[in-house]
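A quick write-up on the structure given underneath.
Order of listing sets the numbers, starting from 1, for every ligand and every atom in it. For the single chain, residues carry numbers from 1 onward in sequence order.
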Amino acid sequence: MAIERDGDFVTFSQHIQEQQLRFPNASGQFSWLLSGITLATRMIGSYVRRAGLIDVWGEEGAINIQGEAQKKLDVIANRTLEKTLGYRGNVGIIASEEDNEPRVLHEVEPDDSYIVMFDPLDGSSNIDVNVSVGTIFTIFRNPPEINGAAESVLQPGTEQVAAGYVLYGPSTVLVYTCGNGVHQFTLDPQIGTFLLTRENMQMPDYARSYSVNEAYAGRFPEGYQKYLAWTKQAGEGGFTSRYVGSLVADFHRILVSGGVYLYPPTTEHPDGKLRLMYECNPLAFLAEQAGGAAVDGRGHRIVDCMPTQVHDRTPLVIGGRRNVDEVLRFLEG
Ligand code: AHM
Ligand code: MG
């Protein structure tokens, strides 16, 4: 049975229901969970759009587990996700960039229990200057055989059942995968609903564009330095560079237009800055579903990396398959 589509308009919840039809025993609980995420992101988006008009600029005054000063909007976004997911009885555990430890939300039947991990407001240092920010999320099953939130979340990215992000840019877009392609929805602000705008997205295999904070280049391993030097020699028609400094925005551009994003190790931060569980894993799942690649530059796919704790960091090379291979040739050679 196929869900009827209303003319040309497909809402996010219709799309999820269509996806669920692939799983004959699906209980509908999963779409209920995802609707909690879309509700939260619509609320976060409304704060982002009014930043400056309401009191959400600046710092909260606390330092989070990452050692970073929390922005007011980091705290609001985190609380909003926690609250909306708290009403979803099938969310057993949540873990956030802003919280010290994963938390048990509900003790639920093992078969129906999920773990949701998120970066509530990625790129939040950009909020005060009106540059795009985002929310990143990933969903795992809550394994019944493991006790304790801290242990249950330690799963490799290959176990993700869904992942995505919302980018609060000129328009608000939601991109997600349940392991059956990558799909984009755009929030129609008139009706407050996400509508399908790109289905089965494919990342270009190759584009002459790279995205990296090049100010740190002198502190990158030699292979990255050689790659970046080589891009300068490509001459006319050669490489271009784009770096927003919000991972979601930089990744979204590459998903749509191609290229490669790098966050290498530095001398001060040997594992780079980005977090494996709720930044790199979800984007890696999306990249691979869209025909791209995501690796740590040390011989592993991102999704194969086994976390040792929820806030683990990893270097990241992500983008079109041929772009990533090109970078790896410099790292390996
Ligand atoms: P955040 O989640 O605390 O905002 O930090 C992650 C952000 C990414 O969005 C972005 O790609 C990166 O930090 C930028 O870091 P840098 O300023 O070192 O280039
Ligand atoms: Mg982030």
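- A salt bridge does not link Arg275 to Asp122: none of the charged nitrogens lies less than 4.0 Å from a carboxylate oxygen.
- Considering both main-chain and side-chain atoms, Leu274 never comes within under 3.5 Å of ligand 1 through any nitrogen or oxygen pair.
- When only interatomic distances are considered, the shortest N/O to N/O separation between Ser125 and ligand 1 does not fall below 3.5 Å.
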Side-chain donor/acceptor pairs under 3.5 Å, residues 148-156, sequence neighbours excluded:
| unit_1 | atom_1 | unit_2 | atom_2 | d |
| --- | --- | --- | --- | --- |
| Ser152 | OG | Gly148 | O | 2.8 |
| Gln155 | NE2 | Arg141 | O | 3.0 |
| Gln155 | NE2 | Ser152 | O | 3.1 |

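- At least one N/O-N/O distance between Tyr263 and ligand 1 falls below 3.5 Å.
- Distances from ligand 1 to the non-hydrogen atoms of Tyr278 include no value under 4.0 Å.
- In summary, the atoms of ligand 1 found under 4.0 Å from a heavy atom of Ser246, numbered by their order in the structure, are 9 (O).
- In terms of polar-atom proximity, defined here as any N/O pair under 3.5 Å, Val248 makes no such contact with ligand 1.
- Under the 3.5 Å distance criterion, with hydrogens and angles disregarded, a donor-acceptor pair is assigned to the side chains of His300 and Asp296.
- Within the 4.5 Å cutoff, the side chain of Arg253 has heavy atoms near those of the Val244 side chain.
- Heavy-atom contacts of Leu247 reach the following atoms of ligand 1: 8 (C), 9 (O), 10 (C), 11 (O) (cutoff under 4.0 Å).
- Side chains of Thr41 and Tyr168: a donor-acceptor N/O pair is absent below 3.5 angstrom, by distance only.
- At least one N/O-N/O distance between Glu279 and ligand 1 falls below 3.5 Å.
- Nearest to atom 14 (C) of ligand 1 by heavy-atom distance, out of Phe251, Tyr216, Tyr243, is Tyr243.
- Near Ser124, with a cut-off below 4.0 Å to any heavy atom, the atoms of ligand 1 are 4 (O).
- For ligand 1, the atoms sitting less than 4.0 Å from at least one non-hydrogen atom of Glu97 are 1 (P), 2 (O), 3 (O), numbered in the order shown with element in parentheses.
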List, one per line, each side-chain donor-acceptor pair under 3.5 Å for residues 123-131, sequence neighbours excluded.
| unit_1 | atom_1 | unit_2 | atom_2 | d |
| --- | --- | --- | --- | --- |
| Ser124 | OG | Asp74 | OD1 | 2.9 |
| Ser124 | OG | Asp74 | OD2 | 3.1 |
| Asn126 | ND2 | Ser246 | OG | 2.9 |
| Asp128 | OD1 | Gly58 | N | 3.2 |
| Asp128 | OD2 | Gly58 | N | 3.2 |
| Asp128 | OD2 | Lys71 | NZ | 3.3 |

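- Contact annotation for Asn213 and ligand 1: only side-chain heavy atoms (C-beta onward) come within less than 4.0 Å of the ligand.
- Between Phe194 and Phe185, the distance separating the two ring centers is not shorter than 6.0 angstrom.
- Checked by atom type, the side-chain pair Ser35/Arg88 shows a donor-acceptor distance below 3.5 Å.
- For the 3.5 Å distance criterion, the side chains of Gln70 and Asn64 fail to qualify, holding no donor opposite an acceptor.
- Counting heavy atoms closer than 4.0 Å to ligand 1, residue Arg275 contributes side-chain atoms (C-beta onward) but none from N, CA, C or O.
- Looking at Asp119 against ligand 1, only its side chain comes within 4.0 Å, counting heavy atoms.
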